[in-house]
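Here is the structure we will look at.
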Amino acid sequence: MDFLQELNPPQRKAVEHTEGPLLILAGAGSGKTRVLTYRIAHLISENIAAPWNILAITFTNKAAGEMRDRIDAVVGDRASMIWVATFHSTCCRILRRDIDRIGYDRSFTIYDTDDCRQVIKSILREKGLDPKIYKERTILSRISSAKNEMISPEQFRSSAVGREEERQADFYEAYQTKLRSNNALDFDDLLVLTVELFRKAPDVLDEYRERFRYILVDEYQDTNSVQFEFIRLLAEKYRNLCVVGDDDQSIYRFRGANIRNILSFEQVFRGTAVIRLEQNYRSTPEILDAANAVIANNTERKAKKLWTDQGHGKKVRFRLFGSGYEEAEFAVGEIRAAVQTDGGKYSRFAVLYRTNAQSRLFEEKCVAANVPYKIVGGVNFYSRKEIKDILSYLKTIANGSDDLSVLRIINVPRRGIGAATLTHIQEYASEKGLSFYEALTDAENIPGTGRALEKIRKFTTMISRFRAVSADYLSVADLIEQILKETGYLAELEAEQTDEARARIENLEEFISKAQDYADQTEDASLDDFLQQVSLVADIDSVSEDMDSVLLMTMHAAKGLEFDSVYLAGMEENTFPSYMAAGSGNDSEIEEERRLCYVGMTRARRELTLTAASMRTLRGEPQFLKVSRFIREIPPEMLDAGGRTERRGNPYGQYGENGYGGNRYGQYGGERFREEDPYDRRSFGNTDRSYAGYDDRTYSQNGYHDGASSGSFARKTGAGVLKRSAGSTLQEFRVVKADRLDYGIGDQVRHVKFGTGTVTGIQEGPRDFEVTVEFDRVGKKKMFASFAKLKKV
DNA sequence: CGTAGTTTTGTTTTT
DNA sequence: CAAAACTACG
């Protein structure tokens, strides 16, 4: 084949080795996408495999689309028959067809992180636990890591040791039960349940094994254990599995990526051929050398030697600024000047940073300088409030068991259905084992919903009308429009007349047009399918080549992309490596940050500029930062540090005795603060919040691991801690106070949810009796008597 | 029951 | 400096 001529020997070998397991270790910029596409093209054009026998897993939908286009260019429109998708959308498609085999309904909903947080919150509320102590984020991340390791709630329970883990097991169980009763799946479930389906329904598995005889996995270093199991199950029979990865670019371990998947690949798939791609076609030797110098500091890696035969280019630059503001001004200013003088495109440039929060300054500067830009990431389009509201309507229409969505919209726009009514309905629902929506349709039987009844009626009739029309003839776009109109959602926004409301309306219009696009591009478009697509898109997916703007994004989001000129911003300790990693004292966390740095640097083709700020405003307070250790890991002779010298005896000393050339780096360094009285900063110590310990002596003597900086983000607990609300707001609305209670201290009582317990205290409040009960199952709880409806036993 | 105004608290990274 | 949570009032 012609295209084989375009490959170097190992690349060519990788393309032609079609039978049996193959592990390709592909360094950054070594042409792995080219290898993957040519490999698929080869399979098809040599009639080794039919297009529908090929499954290619990519990391993002965007990568999938690009790969399809490139294959298309080589083999023509047969490419459309190839299944190219992400792990998540692949699993979703499989589950849509057969999830009923493991007891779920095929019209399941997918919950995003936000939805999952709500679920945890409601569990905390039900268990009467203080959300201040039990953080949703931590609970969720534990659940997620369990799922990534395919540990079921039962397994988790049986291996739980100690109170803490027992409690975590409670959360996991309750969470999973709740998702299931809402007929909802979280992101991890998509993988976990597919594996479960494959295990429990061998016929289904076999069908897919027969279908996908040739499997390819890109970005293999970022797969986790469930993903590996999924692939293993599918590939076991024909063993034509080709994975491509680079251990140096593994940056998703925080989300369960398991590096052992690379290291043990050869054991699991015996007879694996290993091919290394070490020639880099992307970057200049200057960029490559600097990146290699940084990554060489990692100990956990397979040694490799990336090389290039490209001609020399410019040195990698480092610039230090007094503030993030100046840093942004510099980068944006340079980009603008370059485009104006050389007439290039803005899309040649990218600004990469560690956290999304850093985008703001660059955005401001771009606006000010009239530089077109696009921010990737941050708040996903589909997680904006107005979009989520409408999505919740759609989800309610598609899946009546999704309580979360119903709860979100039942009073949006305001229908005068209040918290008290909702609590009644929820109690009724859980008593009768109904979904929330089912309970709504049964509202006349629920005590205490008197005035709200009519409003609830109106709501349910509206939803069932939507259901009827959506089942009938209405496209998703039309359905959205009808929802906006009939609910009065649009009218409410229009009445607001604020910029914010106008922006929301614009977003909704964009949403409609996205729904329209979807209908145009999809053959058998349906509401279910639309919702699934929408919940699995990443922001990067919407970035296209043809827009001429500077891209602003995190280094994570930049994975797999390349640009002529890259600015890596925020090269400071505690920014990058992040405060979390730097403060953990954990080498492997630092190594992950270093790999991220390597990924960032190797995105650049011709020019790479590293920038840092010595001061940044974090959560409204100034923080003084040292230059990142990653800068130090680049030998000085490889760096263009700006040339100009700074005045000696820098009063801030952060760079001083590090051998760092506080005097060499940065033309702006410290400028901004020289006018201020350095002692001013002491006053920060007097505020209630503690302040990133600024103490130049400590810094310069102890280097990076000093206690002052690692403890610096801890907040002083002030008087606020003492304020604790007695119960949730829901309960406080209750005004009906019983005149006497038919139980007293020491009595055994029963509660609908908490079971039986002993009354340990009763306190008469202005509105109601506050009863303290020691429950057998859930421990001590305080509650209002009229609300709790305790029964003496 | 709804809302405006006040206080508290939070930071990685993402499918 | 925001967003979220809480409080107080109409």
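A, B, ... follow the sequence lines: proteins, then strands. Residue 1 opens every chain. Remember, predicted model here, so these are calculated numbers, not experimental data.
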Separation of B:dG10 C1' from A:E136 CD (nearest whole Å) = 12 Å
Span that lies between the P atom of B:dT11 and that of C:dC6, in whole angstrom = 15 Å
key: Which nucleotide in B:dT12, B:dG10, B:dT14 has an atom nearest any side-chain atom of A:R619   = B:dG10
query = Taking atom C1' of C:dA2 as reference, at what distance in whole Å does atom CG of A:L361 sit?
reply = 14 Å
key: Whole-Å distance separating the OH atom of A:Y134 from the P atom of B:dT9   = 18 Å
remark   = Between CD of A:E621 and P of B:dT8 the distance, given in whole Å, is 15 Å
ask   = Counting side-chain heavy atoms from CB outward, which of B:dT13, B:dG2, B:dT14 is closest to A:N411?
value = B:dG2
request  = For A:F87, report the nucleic acid contact type (base, sugar-phosphate, nothing); a contact means any heavy atom under 4.0 Å.
outcome  = nothing
message = Could you tell me how far C:dA4 sits from B:dT13 if I compare only their P atoms? Round to whole Å.
response = 15 Å
request  = Measure from the side chain of A:T421, starting at C-beta and using heavy atoms only, and say which of B:dC1, B:dT14, C:dC1 lies closest.
outcome  = B:dC1
task = Answer yes or no for A:R117 and A:Y111: cation-pi contact, defined as NZ/CZ to six-membered ring centre under 6.0 Å and angle to ring axis within 45°.
result = no
message = Mind checking if A:K559 touches a base, just sugar-phosphate, or nothing, with heavy atoms under 4.0 Å?
response = nothing
task = For A:S535 and for A:R415, locate the closest nucleotide of DNA chain B by heavy-atom distance; then report the residue assigned to the nucleotide nearer the 5' terminus.
result = A:R415
query = Which residue lies toward the 5' end of DNA chain B, A:R414 or A:E589, if each is placed at its nearest nucleotide?
reply = A:R414
A:T60 vs B:dT15: side-chain N/O to OP1/OP2 distance below 4.0 Å = no
query = Taking the side chain of A:T113 as its heavy atoms from C-beta onward, which of B:dT14, B:dT15, C:dA5 lies nearest to it?
reply = B:dT15
ask   = Taking CG from A:L596 and C1' from B:dT14, how many angstroms apart are they, rounded to a whole number?
value = 12 Å
inquiry  = Of the listed nucleotides (B:dT12, B:dT14, B:dT15), which one gets closest to any side-chain atom of A:R354?
reply    = B:dT12
request  = Show your working on ring pair (Phe, Tyr, Trp, His ring centres under 6.0 Å) between A:F230 and A:F228 and close with a plain yes or no.
outcome  = CA-CA 5 Å; A:F230 170 75; A:F228 178 73; over 10 Å; no
task = Provide the Watson-Crick or G-U wobble partner of C:dA2, both distances under 3.5 Å; none if there is no partner.
result = B:dT9
task = Looking at every strand, decide which applies to A:N356 at a 4.0 Å heavy-atom threshold: base, sugar-phosphate, or nothing.
result = sugar-phosphate
message = Measuring from the side chain of A:K121 (C-beta onward, heavy atoms only), which nucleotide among C:dA5, B:dT11, B:dT15 has the closest atom?
response = C:dA5
ask   = Should the heavy atoms of other residues, nucleotides or ligands under 6.0 Å from NZ of A:K458 be counted, would the total exceed 12?
value = no
key: Modelled atom types, side-chain donor and acceptor of A:Q221 and A:E219, under 3.5 Å   = yes
ask   = Ring-on-base stacking between A:Y579 and B:dT11, under 5.5 Å between centres and under 30° between planes: is it there?
value = no
note = Side-chain atoms of A:R360 come closest, of B:dT14, C:dC1, B:dT12, to C:dC1
request  = Could you work out which one of C:dC1, B:dT15, B:dT14 sits closest to the side chain of A:H556?
outcome  = B:dT14
message = Just the rounded figure in Å: distance from C1' of B:dT15 to CG of A:L140.
response = 15 Å
task = Just call it for A:K135: base, sugar-phosphate, or nothing, with non-hydrogen atoms closer than 4.0 Å on any strand.
result = sugar-phosphate
key: Length of the line joining A:E593:CD and B:dT11:C1', which is rounded to integer Å   = 13 Å
query = With a 4.0 Å cut-off on heavy atoms, is A:R117 in touch with a base, just the backbone sugar-phosphate, or nothing at all?
reply = nothing
Integer-rounded Å distance: B:dT14 P and A:F381 CZ = 19 Å
inquiry  = On the six-membered ring of A:Y134, is A:K127 placed so that its NZ or CZ lies under 6.0 angstrom from the centre and within 45° of the ring axis?
reply    = no
inquiry  = Evaluate A:S588 against A:E591 for side chain to side chain donor-acceptor pair (under 3.5 Å), listing each step before the verdict.
reply    = CA-CA 5 Å; A:S588 70; A:E591 296 210 349; over 6 Å; no
request  = Could you check if a side-chain atom of A:F87 sits within less than 4.5 angstrom of a side-chain atom of A:V217, using non-hydrogen atoms only?
outcome  = yes
